[in-house]
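Heads up: the structure comes next, in structure tokens.
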Amino acid sequence: AVFVDGCFWHGCPQHRTEPKNNAEWWASKLAANVERDRRVNVALTNAGWLSVRVWEHEDAAEAADRVEVAVDDDG
């Protein structure tokens, strides 16, 4: 499973922003997204899936190479 995660919604360490309006609500919402991503990764792994997460800002060719390497390493 390949996920392309948006920097804002999934807490990119390079591009994450923290909204000023309703800051507490947004902090909780975005932290919940990151935690859900972790749970999904674990659930997929437990079900025998390989998951790869790519940030929206990553170069598409480099991301595709990373996916290819992950698949080759897995099989």
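Only heavy atoms go into these numbers, but all of them, side chains included; no hydrogens, no water, no symmetry mates. We're numbering straight along the sequence, starting at 1. This one's a predicted model, so the numbers in the text were calculated from it and none came from an experiment.
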Where do E62 and D59 come nearest, in terms of heavy atoms and distance? N-OD2, 3.0 Å
Work out which heavy atom in V52 is nearest to a heavy atom in A70; give both atom names and the distance.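 In terms of heavy atoms, the two residues are closest at CG2-CB, 3.8 Å.
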With sequence neighbours excluded, give me every salt bridge (charged side-chain N to carboxylate O under 4.0 Å, His left out) pair touching residues 8-35.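 Every salt bridge (charged side-chain N to carboxylate O under 4.0 Å, His left out) pair that includes a residue of residues 8-35, provided the two are not neighbours, is E35-R38.
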Residue pairs passing the salt bridge (charged side-chain N to carboxylate O under 4.0 Å, His left out) test where at least one lies in residues 41-57, sequence neighbours excluded: D5-R53, D37-R53
Under 4.5 Å between side-chain heavy atoms, hopping through other hydrophobics if needed: is there a path connecting V40 to V34? no
Remaining members of L30's ILVMFWY cluster at a side-chain heavy-atom cut-off under 4.5 Å?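 Traced through the cluster, L30 reaches F8, W9, W25, W26.
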Non-neighbouring partners of S51 that pass side-chain hydrogen bond (donor to acceptor under 3.5 Å, both in side chains), sequence neighbours left out: N41
Considering residues at least two apart in sequence or located in another chain, which fulfil the side-chain contact (heavy atoms from CB on, under 4.5 Å) criterion with H15? C7, C12, H57
Going by the rule side-chain contact (heavy atoms from CB on, under 4.5 Å), which residues pair with N46 if we only count those two or more places apart in sequence or in a different chain?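 V42.
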Hey, does W55 have a side-chain heavy atom less than 4.5 Å from the side chain of Q14? no
